[in-house]
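All remarks here apply to the structure that follows.
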Amino acid sequence: MAADARMMAQMTSRDGFIAALDQSGGSTPAALRLYGISDADYSGEEEMFRLVHEMRVRIVTTPAFSGDKVIGAILFERTMDGDANGKPVPSFLWEDRGVVPFLKVDRGLAGEEDGVQLMKPMPDLDALLERAVKKGIFGTKMRSVIAHADKTGIAAVVKQQFVVGRQILDHGLVPIIEPEVSIKSSTKTEAEAILRDEIARELDALSPDQHVMIKLTIPTVADFYKSLVDHKSVARVVALSGGYSRVDACEKLTHNHGMIASFSRALTEDLRVTMSDAEFDASLGKTIEEIYKASVLKV
């Protein structure tokens with residue numbers, strides 16, 4: 001089973017960036033607060049997810065949100081199952097906007113051990129992947145976190161990511177491998193060196209027909225991940241904003257050739273629920289242009 005050829009061509013060669021619209025149960029309240037909806041404005045998880053779905057639909061139906069600059073979008077499971085303009089969100093994104101749909105599949109993080117947080121078990125992953133294929137999803141995303149430059153811990157993170165990644169590849173989907181190095185880490189540079197070597201080792205073990213994407217914290221040293229960008233088994237290397245402001249994330253990204261953005265909070269930080277549609281569209285359009293330029297124009 002192979003990934004959609006048109007979507008693969010877009011993800012490997014088209015200029016642009018990936019919008020990360022995949023906040024889950026743990027990060028949704030913070031996303032809503034930033035948007036101007038306080039915890040007191042809703043009651044219970046269902047209402048919370050309804051409000052964040054409305055926010056996401058407002059984003060993806062904005063005129064500027066199209067494949068001209070936003071080449072992909074990562075969705076939360078409930079967003080994949082929801083509608084936008086009367087169509088399933090993945091179908092709306094690809095058919096109406098030319099944006100490749102991805103799905104966040106991890107179930108959150110385990111407790112820290114050996115300086116890292118592995119992903120929690122995903123016993124229902126195969127069933128979720130089967131649903132994703134039927135919905136027209138192209139690829140997946142899953143996140144681990146690295147807090148310290150511990151070789152044992154980082155090796156465990158990368159091994160887990162690629163074990164699950166192979167399971168995802170077996171369903172004809174393209175996994176985004178995301179071992180995030182915390183920007184607050186006192187050993188960030190050292191952790192990135194270990195991480196790069198561990199990822200390269202796993203990439204070298206993939207078969208010629210297997211391709212993955214990699215999502216990484218913008219490195220301390222410019223172009224540090226260029227060897228991964230150029231690896232034959234890598235479809236694309238994308239950058240997470242990781243808590244940097246959009247201005248800082250975009251500036252750092254311009255120094256990393258071949259990396260494009262996959263921002264979440266940096267994408268939505270200026271948006272407010274109280275904005276008129278015209279204000280909302282103008283604000284998001286300006287942000288999309290800024291992130292697009294940082295992804296395409298390098299120094």
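- Side-chain contact between R58 and D277 is present, with heavy atoms from C-beta onward closer than 4.5 Å.
- Remark: side-chain polar atoms of T62 are paired, donor with acceptor, to backbone N or O of I59 under 3.5 angstrom.
- More than 12 heavy atoms of other residues, nucleotides or ligands sit less than 6.0 Å from atom NZ of K232.
- Inter-residue side-chain proximity for R131 and M80 is flagged as met; some heavy-atom pair is nearer than 4.5 Å.
- Residues E198 and K151 form a side-chain contact, since some pair of their non-hydrogen atoms from C-beta on lies under 4.5 Å apart.
- Counting heavy atoms from C-beta on, the side chains of L253 and K298 come closer than 4.5 Å.
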- [ ] Begin with the C-alpha distance, continue with both residues' side-chain angles, and end with the deciding distance and a verdict on ring pair (Phe, Tyr, Trp, His ring centres under 6.0 Å) for Y292 and F17.
- [x] CA-CA 6 Å; Y292 173 81; F17 70 94; 7.5 Å; no
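- Contact between M142 and P175 at its shortest, heavy atoms only, is CE-CB, 4.5 Å.
- With L103 as reference, L128 is the one residue of L128, I74, L173 to meet the side chain to side chain contact (heavy atoms under 4.5 Å, CB included) rule.
- Using a 4.5 Å heavy-atom cutoff, the side chains of K104 and R143 are not in contact.
- For R56 and F76, the positive end is not near the middle of the six-membered ring at less than 6.0 Å and at most 45° from its axis.
- In terms of the side-chain hydrogen bond (donor to acceptor under 3.5 Å, both in side chains) criterion, K252 has no residue partners (sequence neighbours excluded).
- Here the side chains of L32 and Y42 are in contact, with some heavy-atom distance below 4.5 Å.
- Checking K215, R236, M213 one by one against I18, the side chain to side chain contact (heavy atoms under 4.5 Å, CB included) holds for a single residue, M213.
- For the salt bridge (charged side-chain N to carboxylate O under 4.0 Å, His left out) test, residues two or more places apart in sequence or in another chain that qualify with R50 are E47, E54.
- Around the CD atom of E112, the shell of radius 6.0 Å holds more than 12 heavy atoms that belong to other residues, nucleotides or ligands.
- Counting heavy atoms from C-beta outward, D281 and M275 have side chains that stay 4.5 Å or more apart.
- Across every non-hydrogen atom of P219 and K188, the tightest pair is C-NZ, 3.6 Å.
- Evaluation of the salt bridge (charged side-chain N to carboxylate O under 4.0 Å, His left out) rule for D126 yields no partner, not counting sequence neighbours.
- Exactly one residue among V145, V116, L118 makes a side chain to side chain contact (heavy atoms under 4.5 Å, CB included) with L109. That residue is V145.
- Proximity of Y225 to N256: side-chain heavy atoms (C-beta onward) are nowhere separated by under 4.5 Å.
- No hydrogens or angles considered: a donor-acceptor pair under 3.5 Å links the side chains of E251 and H255.
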